[in-house]
Amino acid sequence: MNKVNVEHELHHFLQQKFGFTEFKAGQEEVITSLLNNRSTVAILPTGTGKSLCYQFFGEYTKQPVVIISPLLSLMQDQVEQLRLQGEKRVVALNSNLSFQDKRQVLEQLNRYAFIYLAPEMLRNEAVLAALLQLNIGLLVIDEAHCISAWGPDFRPDYLQLGQMRHQLGDPLTLAVTATATKRVLADMTKLLRLPASFKLVQYSVDRPNIFLATEKLPDEQTKKERLLSLLKQLPGPGLIYFSSKKQCDELTELIQQKTSLHVAAYHAGLSFAERYAVQQQFLTGQLDLICATSAFGMGINKTDIRYVIHYHMPQDLENYVQEIGRAGRDGQQSIAIILFNENDRFLQKRLAFNSLPNSDELELYQQSPAALKSASLESESAYLVTRYQQMGISFADMEQIFTQRRTEKLRALQQMLAYVNYPDCKRNFILRYFDEERVVKHQQNCCQLGEESYDLQQIFANVDQVTNNLPKNTPPSRDYRQVLQKLFRDD
DNA sequence: CGTTCCCCGACTAGTCGGGGAACGGTGCTCTAGT
C-alpha cells in the first residue's frame with residue numbers, strides 16, 4: 001500500500017473507531033512510527049491526546065497493549081474512558097483488585113486488549129509470568145518523565161523498567177510525556193534501554209495562550225492579601241499550588257472566609273475518596289478553584305482552567321511547566337502567576353535535602369541491618385535504601401548517587417529561582433531551559449517583563465467568549481457520587 | 001540545609017541573646033485481621 005492510501009486508511013479508522021475527523025499534532029507521526037515497528041519517545045504538550053496514540057495502535061493492530069502508569073487514579077480514569085468508548089477488554093491490574101479478582105485476571109490475561117499497571121506491580125512474579133505468556137504488541141510508559149523525576153528518590157521501581165522491559169522480550173515501546181529536557185530524555189532512553197534507533201517525536205513545550213507572570217512580595221501577609229485580590233479579579237476556574245499541606249489547608253479556609261468562591265483543598269493528607277470527590281466537583285464546575293499540592297494534576301482533563309497561581313514556586317521548571325500546563329487546554333487566554341517571597345527558597349531547599357538519605361543515615365543502616373529493617377516501614381529514606389540494596393547497589397554507590405542527586409536538585413532549584421528573577425522574556429527562558437533552539441518574539445499577552453505591572457483586564461479582554469465556548473470533545477459529565485458508590489460498594 | 005519563633009536566664013527592670021524546636025511534597029504494594 002502506498003503512503004497516501006495508508007494515511008487515508010488511518011484517518012478512516014480514526015473516524016470510525018474514535019469519531020474524530022482529524023489527528024491532533026503529533027498523533028499521526030507517533031502512530032505511523034509505531035506501525036513501522038520503531039520504539040518511540042513522544043514529547044507532546046498537554047492536552048494533545050497522548051493516550052489516543054496507543055489506543056489507536058491497540059485497536060488497529062489488535063495486539064495487546066500494556067501501559068505502565070504512575071497513579072492508581074490515572075489508571076482508573078483511563079479504564080473508565082475506554083469503557084465509555086465501548087472498549088470492554090480493559091483492566092487496571094493493581095492493589096484495588098481483590099486477591100480472587102487478581103488471580104482471575106492473571107489467568108485470563110489474553111482476553112484483555114489494554115492492561116494498566118504500576119511499575120511496582122512488575123516485581124510480582126506471577127504478574128511477570130502472565131505478561132510473558134502474552135504476545136505484547138506495545139509497551140507504553142505513560143508520564144515517562146516519572147522515570148527521571150521520581151525513580152531515583154521516590155519510586156525506585158521506575159529505575160528497574162529497563163530490566164523488566166528486557167525480561168518481557170524487548171517489546172515495541174512508546175514513552176510519552178509532556179515535558180523533557182535533553183537530560184531527562186537521556187535518562188529515559190538509558191533507563192528504559194531503548195534501542196538506538198528509537199524515534200523521537202517532539203513538540204515545543206510552549207503554550208502561547210498562557211500569560212507568564214511572577215510577583216515578588218516582601219512578606220507572608222502581603223502575599224495573602226495579593227492572592228485574595230487576584231482571586232477577586234481573575235475569571236475562573238483556577239488552581240493554586242502550595243508546597244505545604246498545612247498552608248494549603250489554611251489558605252483554603254482563608255479564601256472561604258474572605259471570598260464567595262467555592263474552594264476545596266487537595267493533597268495527599270486526604271483520603272482517596274475525599275480526593276476523588278474534590279476532583280469530580282472541580283471537573284463538573286461545582287468548585288471555582290482548588291488549592292493543591294503537587295499531588296494534584298496528573299491526568300486531569302479539564303479544558304477551561306483560566307489561571308494557575310503558585311503560592312509557592314515548585315522545585316524545578318519541569319514541574320512548573322507541567323503544573324501551569326493544566327491551564328488553557330481549550331486554547332483560550334489563561335494566566336500563570338508565581339507569588340514569590342525570598343523565604344520560599346528555603347522551603348524547597350529543605351524538601352530537596354530531606355527527601356534523600358544522608359551519609360549519617362547510610363552509615364547507620366550499613367552497620368545495623370536491623371535498624372534498617374525496622375525503619376524501612378516508616379521512614380521514606382530507609383525504604384529507599386532497602387530497595388536500592390535489593391537492586392544490588394552498594395552503600396558506597398548509594399552515597400555517591402544521593403550526593404549527585406542532591407546537587408542536581410539544587411541546580412534545578414537555582415534555575416527555578418533564576419526564572420523568577422529573570423528580567424527579560426520568561427517564555428524564552430523556559431524554551432532555553434528545555435533546550436529548544438527556537439526563540440519566540442516577545443509580544444502582547446506573552447509575559448510580564450521584569451517586575452513591571454500587568455493588566456489583567458487587558459489580558460482577559462475576550463474572556464466572556466471563553467467561558468461560553470467549550471470545546472467539542474468534552475467528555476460527558478458524570479455524577480461523581482455514583483462513581484464513588486461503585487468504587488466503594490464493597491466497603 | 002537555614003530561617004523564624006518562642007522560651008528563659010542574665011544583667012539591671014525592659015532589653016539582649018543563647019538554646020532549641022518547628023518547619024516539610026510526590027505513591028505504589030502487601031499483610032493480617034475484621
Side-chain angles (χ1 to χ4, degrees), chain A residues 68-76 92-99 102-103 116-128 142-143 145-161 164 219-221 241-250 265-272 275 291-299 310-316 318-320 322-323 341-361 376-381 383-384 386-387 390 402-403 405-407 409-410 412-414 416 490-491:
Chain A
I68 306 295
S69 171
L71 304 176
L72 299 179
S73 60
L74 209 57
M75 297 181 209
Q76 188 69 47
L93 188 53
N94 59 37
S95 57
N96 288 344
L97 292 179
S98 69
F99 183 76
K102 187 176 161 193
R103 203 179 52 189
Y116 288 86
L117 42 88
E120 286 83 359
M121 202 43 121
L122 291 172
R123 259 153 66 193
N124 186 314
E125 282 179 22
V127 170
L128 203 61
D142 199 9
E143 306 287 359
H145 60 281
C146 290
I147 293 170
S148 176
W150 282 2
D153 44 41
F154 182 51
R155 301 278 296 270
D157 288 272
Y158 263 106
L159 303 177
Q160 299 275 79
L161 278 181
M164 294 302 170
D219 53 56
E220 209 54 29
Q221 192 51 41
Y241 274 105
F242 296 83
S243 298
S244 143
K245 289 186 275 194
K246 196 176 158 209
Q247 291 193 61
C248 177
D249 284 335
E250 283 170 7
Y266 186 106
H267 53 67
L270 305 173
S271 72
F272 183 75
R275 286 164 69 166
C291 291
T293 60
S294 57
F296 184 82
M298 234 185 246
H310 278 80
Y311 193 82
H312 300 127
M313 60 166 184
Q315 60 181 351
D316 55 42
E318 279 94 333
N319 277 292
Y320 187 60
Q322 287 268 350
E323 286 165 4
N341 164 348
E342 282 299 325
N343 287 332
D344 294 345
R345 68 175 71 213
F346 302 113
L347 182 69
Q348 287 304 344
K349 219 170 175 177
R350 262 204 317 274
L351 285 172
F353 269 86
N354 291 354
S355 59
L356 292 162
N358 58 34
S359 51
D360 288 350
E361 245 176 309
S376 67
L377 291 173
E378 285 163 19
S379 144
E380 181 64 32
S381 58
Y383 166 76
L384 198 65
T386 308
R387 288 291 297 126
Q390 287 166 354
F402 294 143
T403 306
R405 184 79 183 135
R406 261 190 285 268
T407 313
K409 284 188 160 196
L410 278 188
L413 180 58
Q414 289 306 323
M416 187 68 232
D490 294 329
D491 290 21

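Just so you know, these numbers come straight off a predicted model, no measurement behind them. We name chains A, B, ... by the order of the sequence lines, and we start the count at 1 in each one.
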Margin query: Closest-nucleotide mapping onto DNA chain B: is Ser69(A) or Asn354(A) further toward the 5' terminus? I mean the 5' end.
Written below: Asn354(A)
Checklist line | P gap between dG24(B) and dG18(B), integer Å | finding: 27 Å
Check: How many angstroms lie between atom NZ of Lys349(A) and atom CD of Gln315(A), to the nearest 0.5 angstrom?
Finding: 14.5 Å
Checklist line | Asn343(A) or Leu351(A), whichever maps to the more 5' nucleotide of DNA chain B | finding: Asn343(A)
Next item on the list: If dA13(B) has a Watson-Crick or G-U wobble mate with both distances under 3.5 Å, name it; if not, just say none.
Entry: none
Note to self: Students often get this wrong, so: under 4.0 angstrom with heavy atoms, is Phe99(A) touching a base, only sugar-phosphate, or nothing?
What the structure shows: nothing
Notebook entry, point to check: Which is it for Gln160(A) and Gln390(A) under the side chain to side chain contact (heavy atoms under 4.5 Å, CB included) test, yes or no, and what are the steps along the way?
Noted result: CA-CA 11 Å; Gln160(A) 299 275 79; Gln390(A) 287 166 354; over 6 Å; no
Item checked: Check: Pro119(A) main-chain N/O paired with Arg155(A) side-chain donor or acceptor under 3.5 Å -> no
Notebook entry, point to check: So what does Asn94(A) touch, heavy atoms closer than 4.0 Å: a base, only the sugar-phosphate, or nothing?
Noted result: sugar-phosphate
Notebook entry, point to check: According to the Watson-Crick and G-U wobble definitions, with both distances under 3.5 Å, which nucleotide is paired to dG24(B)?
Noted result: none
Next item on the list: Determine the Euclidean distance between corresponding C1' atoms of dC11(B) and dC16(B); express it in Å to zero decimal places.
Entry: 9 Å
Notebook entry, point to check: In the structure shown, which nucleotide is the Watson-Crick or G-U wobble counterpart of dG19(B), with both distances under 3.5 Å?
Noted result: dC6(B)
Next item on the list: Could you work out the separation of dT26(B) and dA32(B) based on their C1' atoms and round it to a whole Å?
Entry: 28 Å
Next item on the list: Hunt down the Watson-Crick or G-U wobble partner of dT31(B), both distances under 3.5 Å, from any strand shown, or write none.
Entry: none
Item checked: dC23(B) and dC1(B), which share atom name C1', separated by this distance in whole Å -> 12 Å
Next item on the list: Tell me what Asn319(A) touches on the nucleic acid: a base, only sugar-phosphate, or nothing, going by heavy atoms under 4.0 Å.
Entry: nothing
Item checked: dA13(B) and dG17(B), which share atom name P, separated by this distance in whole Å -> 16 Å
Next item on the list: To the nearest 0.5 angstrom, please state how far the CG atom of Leu347(A) sits from the CG atom of Leu413(A).
Entry: 10.0 Å
Note to self: Over all strands shown, is Gln322(A) touching base, sugar-phosphate only, or nothing at heavy-atom distances under 4.0 angstrom?
What the structure shows: nothing
Next item on the list: Using the P atom on both, measure dC28(B) against dG33(B) and round to a whole Å.
Entry: 26 Å
Check: Can you tell me how far the CZ atom of Phe154(A) sits from the CD atom of Glu380(A), to the nearest 0.5 Å?
Finding: 6.0 Å
Notebook entry, point to check: In the strands shown, is dC1(B) matched to any nucleotide by a Watson-Crick or G-U wobble pair with both distances under 3.5 Å, and which?
Noted result: none
Note to self: If I pick the C1' atom on dG9(B) and the same atom on dG14(B), what distance separates them, to the nearest angstrom?
What the structure shows: 14 Å
Checklist line | Atom pair CG/NE2 of Leu351(A) and His312(A) - distance to nearest 0.5 Å | finding: 10.0 Å
Margin query: What I want to find out is whether Asp316(A) reaches Lys409(A) closely enough, with some N-O distance under 4.0 Å, to be called a salt bridge.
Written below: no
Margin query: Can you tell me how far apart OH (Tyr266(A)) and NZ (Lys245(A)) are? Round to the nearest 0.5 Å.
Written below: 13.0 Å
Check: So where does chain A start and stop touching DNA chain B, 5' to 3', when the test is distance under 4.0 Å to a non-hydrogen atom?
Finding: dC1(B) to dC30(B)
Note to self: So Phe154(A), base contact, sugar-phosphate only, or nothing? Heavy-atom distance under 4.0 Å.
What the structure shows: base
